[in-house]
Amino acid sequence: MSNVFTIGFYVNAVGEVSARLKFVATLAAVGLAIVLGVLDYLTGREWAISAFYLLPTCLAGWMAGRSAGLAVGALCAGVWFLSDVFGGPAYQHALIPVWNAFILFVFFFVVVWLLTAFRSSHYYLEQTVERRTAALRAEIEERKRLEHAKRQAERLALVGAMAAKVAHEIRNPLGSVSLNLDLIGEELNILPNSDARSDECRVLLREMRSQVVRIHEVLQEYLRFGRMPKSERAALSLKGLLEEKLNFLQPLLDEKHVQLRKTFDPDLPPVHADPEQLWEAFLNLIRNAVEAMPDGGNLTINTKKNGTAALVYISDNGRGMTDEEARNLFVPFFTTKSDGTGLGLAHTQQIINEHGGKIDCTTSPGKGSTFAIQLPLAVEA
């Protein structure tokens, strides 16, 4: 039951008592001390209830802290002194009740000090356990992510090898088909007369050539995915890379009515990466972002430092993705495009993973998507 205190008091996650509960506990302890004093006065020494003064003292010390516990302890000693003076037996010396009250306060002081010390140790232990549990949970999640990434990499390697083999076997016959189509086109061009039939043949040849080119592009993408070239990494400035490449990309963005917003951290240290492969990964994400905004929109690219890593955010305010699309985002051959291969984002993830980084995506239907790329900084950074 979450609401242990039905009047709305609570203890937070690290065990610290709320200010409202501290006030109520102190008030209750003061009231209990006064009740005990009145009872002690009315009964004289017949019931010997002096030990019960520990109850309000311990209550205030445990719930409200050391200062409140000492204050209530002093109050209890004072109440006991008054009830003893006015309702107790006469002593041989007038200072004896004062001495007894002082000794009682010292006893309360020791009890409150030990109790609050135990309470602080108890809360510190709880916090330590919670921190270590959170760290262990995070480590377990990271290991699960790495194991999943490893299994996916193994599957991708197998799929890539198969795709490369198939693509290689198809590429040579495809080249022969393309060459023969060119020869047929040359024969049609030298015909003396041009009639409707020859024009129709030329249209069919152009269509066949376009389909052959399309197959060739798909094969190239399969080969690139299956046999990614060895990266040539060096210290690379993300700001310099993005500024240079985005300048060449600006005409395309203007044509698509996409407004580019960029914020690059000028103090971001370099990363250790292959510039061409890294830009290929960024370009895939940018193209997807532009395609998600067919009527134009805002493309936002930001960079910043996060500990020993560099973060790159690529965001759009396009159509976003469904839950199914988000789940299968980096799955090879999954695509919602009629002419897509489903390897673009898988290849992007492959490049980021090869560079020792990771990529995540947050998306909202109708509001857009944001890809977050984390890359390790160069060793000298």
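Values below: every heavy atom of this structure, side chains too, minus hydrogens, waters and symmetry copies. Remember, it's a predicted structure, so these values are computed and weren't measured experimentally.
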Gap between atom CG of L345 and atom CD of Q350 - 0.5 Å precision: 12.5 Å
Verdict with supporting geometry, L32 and L55, side chain to side chain contact (heavy atoms under 4.5 Å, CB included): CA-CA 8 Å; L32 182 57; L55 292 177; 4.0 Å; yes
Over 12 non-hydrogen atoms of neighbours within 6.0 angstrom of CG in D323: no
Rounded distance [0.5 Å steps], OG1 in T300 versus CG in N317: 7.5 Å
Side chain N306, main chain A309, donor-acceptor under 3.5 Å: no
Mutual orientation of the aromatic rings belonging to F118 and H122 [parallel < 30°, tilted 30-60°, perpendicular > 60°]: parallel
L278 reachable from I301 in the ILVMFWY side-chain graph, under 4.5 Å edges: yes
Residues N284 and T348: side-chain donor-acceptor under 3.5 angstrom: yes
Main-chain N/O of G320 paired to S369 side chain as donor or acceptor, under 3.5 Å: no
Side-chain donor/acceptor of R119 to backbone N/O of W62, under 3.5 Å: yes
With I373, the side-chain contact (heavy atoms from CB on, under 4.5 Å) member among D360, I352, L311, L238: I352
same_hphob_cluster(L249, F371) at 4.5 Å side-chain heavy-atom cutoff: yes
All side chain to side chain donor-acceptor pair (under 3.5 Å) counterparts of K262, not counting sequence neighbours: E243
Side chain proximity check, K256 to P294, heavy atoms < 4.5 angstrom: no
Spatial distance of atom CZ (F102) from atom CZ (F107) [nearest 0.5 Å]: 14.5 Å
Interatomic spacing from OG1 in T57 to CG in L75 - rounded to 0.5 Å: 8.5 Å
For the student: nearest non-hydrogen atoms of V258 and M293, plus distance: CG1-CE, 3.9 Å
Joint hydrophobic cluster, V79 plus L70, side-chain heavy atoms closer than 4.5 Å: no
Electrostatic pair R143-E139, nearest N-O below 4.0 angstrom: yes
Connected via hydrophobic side-chain network under 4.5 Å: L329 and Y313: no
Close side-chain approach of L36 to P56, heavy-atom, < 4.5 Å: yes
Derivation and outcome, side chain to side chain contact (heavy atoms under 4.5 Å, CB included), residues T303 and T263: CA-CA 7 Å; T303 65; T263 305; over 6 Å; no
Interatomic distance, L246 atom CG to L299 atom CG [nearest 0.5 angstrom]: 8.0 Å
For L104, all residues meeting side chain to side chain contact (heavy atoms under 4.5 Å, CB included), sequence neighbours excluded: W80, F108
Other residues, nucleotides, ligands: >12 heavy atoms within 6.0 Å of F264 CZ: yes
Interatomic distance, I351 atom CD1 to L375 atom CG [nearest 0.5 angstrom]: 11.0 Å
Residues E325, R319: salt bridge by 4.0 Å N-O rule: yes
V112 with Y123, same ILVMFWY side-chain cluster at under 4.5 Å: no
